[in-house]
Amino acid sequence: MSFLAASPSPYHAVANVAERLEKAGFRQVAETDAWDGTSGGRYVLRGGAIIAWYVPEGAEPHTPFHIIGAHTDSPNLRIKPRPDSGAHGWRQVAVEIYGGPLMNSWLDRDLGLAGRLTLRDGSTVLVDVDRPLLRVPQLAIHLDRSVSSEGLKLDKQRHLQPVWGLGDEVLDGDLISFLEQEAGLDAHSVAGWDLMTYPVEAPAYLGRDRELVAGPRMDNLLSVHAGAAALAAAATSGAPLTRIPVLAAFDHEENGSQSDTGADGPLLGSVLERSVFARGGTYEDRARAFAGTVCLSSDTGHAVHPNYAERHDPTHHPRVNGGPILKVNVNNRYATDGSGRAVFAAACERAGVPFQSFVSNNSMPCGTTIGPITAARHGIRTVDIGVAILSMHSARELCGADDPFLLANALTAFLEG
């Protein structure tokens with residue numbers, strides 16, 4: 001819950017992962033530097049992505065990898081290149097829709113603003129206005145009686161632009177000037193920005209017995225957090241490791257993963273290859289290492305919804321607090337096959353963690369993950385797993401309070417096994 005609250009953007013999320021790994025003895029390496037082949041934990045940061053790995057003592061150049069894959073981005077409202085707008089005495093911020101959010105969930109919420117600012121010298125600064133700053137006000141029912149009979153209909157361009165003040169004049173540069181002050185920067189020092197809104201309401205326990213957690217960005221920071229915890233545990237446990245444990249947390253999964261920080265980009269393959277070559281390996285060693293590598297692609301999935309049970313497969317009803325889910329789709333929307341199931345089942349058994357299976361209703365289209373992309377791009381065995389939640393892609397999602405812990409334990413067993 002602390003990780004969710006402290007990670008309002010992918011850039012904050014990877015910074016928080018890096019901080020936690022630093023405490024476990026990891027150190028950052030630059031992609032522009034020459035890498036050495038010594039043992040220990042390392043990580044690479046690029047934008048909203050982080051690749052971290054731990055080389056155990058005595059690892060051979062052809063030692064395979066055990067990878068936890070996840071993504072750092074979530075659907076939201078992101079700031080346009082010309083953010084300052086307004087009408088009829090309201091000052092507004094121009095936003096673009098990122099990914100596939102449940103748009104109604106962003107209405108009438110107190111929103112903060114976070115992301116990164118790029119300065120004129122090319123350096124970047126994280127910014128986080130963690131207080132009610134913006135709001136997308138919903139139209140009163142008195143002015144749209146049809147909403148009761150026909151449902152809410154939102155135009156992405158016209159109806160989702162938040163207000164943040166009053167004034168008859170649109171002041172170009174007003175928002176960025178405000179953020180420069182918030183970040184303690186000189187005026188006119190910002191040359192570019194990657195900014196997004198987020199609900200400022202903190203994650204919270206929910207329910208009579210506090211067995212649920214409500215919060216933002218569980219898809220997919222829940223997996224990022226569990227993966228970081230598992231990697232730190234594997235690196236510090238002292239257990240003999242026969243594989244090189246890796247955490248690969250990518251950006252841009254929600255819009256297709258096609259970027260230099262997305263799973264469909266070269267980042268993971270480059271890092272793994274350089275690790276092999278830094279330990280004196282050849283292309284043959286690289287091929288051997290990849291042939292023995294397994295990736296668990298961890299992303300949230302759908303728990304059975306008590307009000308819409310007919311939308312689920314009738315024989316597969318994952319429940320919250322029932323342990324992580326194994327995600328299967330024979331049309332390769334998920335990468336899991338029978339051999340992959342055996343890998344995950346063995347990890348859960350070692351950890352003493354129950355797991356469940358998920359498949360989509362045959363009449364419903366199935367979503368996808370970074371799993372098939374990772375398998376196809378790098379030629380490595382990949383298994384799709386995750387945690388079952390409700391309200392996926394809402395501004396505020398819901399999971400079982402036990403499931404993040406169970407997932408982290410299963411991932412630790414996978415990395416150590």
Side-chain angles (χ1 to χ4, degrees), residues 5-15 47-48 72-99 101 103-140 143 154-202 216-217 251-252 254-255 259 261 395-396:
S7 304
S9 78
Y11 315 109
H12 290 82
V14 297
T72 61
D73 60 319
S74 300
N76 55 22
L77 311 178
R78 301 204 172 187
I79 308 307
K80 288 185 174 181
R82 295 187 63 184
D84 300 297
S85 67
H88 306 291
W90 293 97
R91 285 190 178 164
Q92 295 178 274
V93 174
V95 297
E96 191 172 4
I97 312 303
Y98 179 83
M103 293 187 295
N104 63 291
S105 70
W106 288 83
L107 302 178
D108 296 328
R109 287 190 182 273
D110 297 335
L111 303 176
L113 191 60
R116 68 177 180 180
L117 303 172
T118 301
L119 308 186
R120 296 190 181 278
D121 63 3
S123 62
T124 59
V125 175
L126 297 184
V127 64
D128 179 12
V129 184
D130 185 13
R131 64 179 185 273
L133 180 68
L134 308 103
R135 185 180 179 93
V136 182
Q138 187 171 185
L139 184 65
L143 304 179
L154 295 172
D155 182 283
K156 293 180 180 180
Q157 179 62 42
R158 294 185 296 128
H159 298 153
L160 291 172
Q161 308 305 310
V163 300
W164 77 305
L166 300 175
D168 290 312
E169 183 181 359
V170 175
L171 303 175
D172 287 334
D174 195 21
L175 179 69
I176 300 306
S177 176
F178 165 77
L179 292 175
E180 286 172 336
Q181 296 176 37
E182 287 287 314
L185 300 171
D186 294 335
H188 309 298
S189 61
V190 171
W193 51 88
D194 301 279
L195 299 166
M196 58 209 70
T197 64
Y198 70 94
V200 297
E201 185 181 2
R217 300 178 295 280
D251 202 352
H252 302 133
E254 297 293 355
N255 60 12
S259 71
T261 53
R396 194 167 177 86

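Values below: every heavy atom of this structure, side chains too, minus hydrogens, waters and symmetry copies. Along the sequence shown, residues carry numbers from 1.
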- Give a yes or no on whether Lys156 atom NZ has more than 12 heavy-atom contacts from other residues, nucleotides or ligands under 6.0 Å away. no

- Report, as yes or no, whether the 6.0 Å neighbourhood of atom CD on Glu182 holds more than 12 heavy atoms from other residues, nucleotides or ligands.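 Count over threshold, so yes.
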
State, with a plain yes or no, whether a side-chain heavy atom of [X] is found less than 4.5 Å away from one of [Y].
| X | Y | value |
| --- | --- | --- |
| Val200 | Arg131 | no |
| Met196 | Pro10 | yes |
| Arg109 | Arg396 | yes |
| Thr124 | Leu117 | no |
| Val127 | Leu195 | yes |
| Asp108 | Val136 | no |
| Ile97 | Leu77 | yes |
| Ser74 | Tyr98 | no |

- Message: Could you work out, with ring pair (Phe, Tyr, Trp, His ring centres under 6.0 Å) as the rule, every residue matching Trp193, not counting sequence neighbours?
- Response: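 Per chain and number, Trp193 pairs via ring pair (Phe, Tyr, Trp, His ring centres under 6.0 Å) with no residue.
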
- Message: Please check: side-chain N/O of Asp73 versus main-chain N/O of Asp251, any donor-acceptor pairing under 3.5 Å?
- Response: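 It does not hold such a pair.
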
- Taking Thr197 for the side chain and Gly112 for the main chain, is one N or O donor matched with an acceptor at less than 3.5 Å?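 Looks like no, no N/O pair under 3.5 Å.
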
- Message: Can you confirm whether the side chains of Ser259 and His252 place a donor and an acceptor under 3.5 Å from each other?
- Response: yes

- Query: With a 3.5 Å cut-off and no angle check, do the side chains of Asp128 and Tyr198 form a donor-acceptor pair?
  - Reply: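 Note: Asp128 and Tyr198 side chains meet the donor-acceptor criterion.
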
- Scan for salt bridge (Lys or Arg N to Asp or Glu O under 4.0 Å) pairs involving residues 165-180, sequence neighbours excluded, and state none if there are none. Arg82-Asp172, Arg91-Asp174

- Before giving the answer on side-chain contact (heavy atoms from CB on, under 4.5 Å), spell out for Trp90 and Trp164 the whole-Å C-alpha distance, their side-chain angles and the decisive distance to 0.1 Å. CA-CA 8 Å; Trp90 293 97; Trp164 77 305; over 6 Å; no

- Message: Is there a side-chain contact (heavy atoms from CB on, under 4.5 Å) between Ile79 and Asp194? Walk through the geometry before answering.
- Response: CA-CA 7 Å; Ile79 308 307; Asp194 301 279; over 6 Å; no

- Item | From CA spacing to verdict: side-chain contact (heavy atoms from CB on, under 4.5 Å), Leu160, Leu107 | CA-CA 8 Å; Leu160 291 172; Leu107 302 178; 4.0 Å; yes

- Query: Considering residues at least two apart in sequence or located in another chain, which fulfil the side chain to side chain donor-acceptor pair (under 3.5 Å) criterion with Arg78?
  - Reply: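 Residues passing side chain to side chain donor-acceptor pair (under 3.5 Å) with Arg78: Asn76.
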
- Item | Audit row: Val163, Leu134, side-chain contact (heavy atoms from CB on, under 4.5 Å) steps and yes/no | CA-CA 6 Å; Val163 300; Leu134 308 103; over 6 Å; no

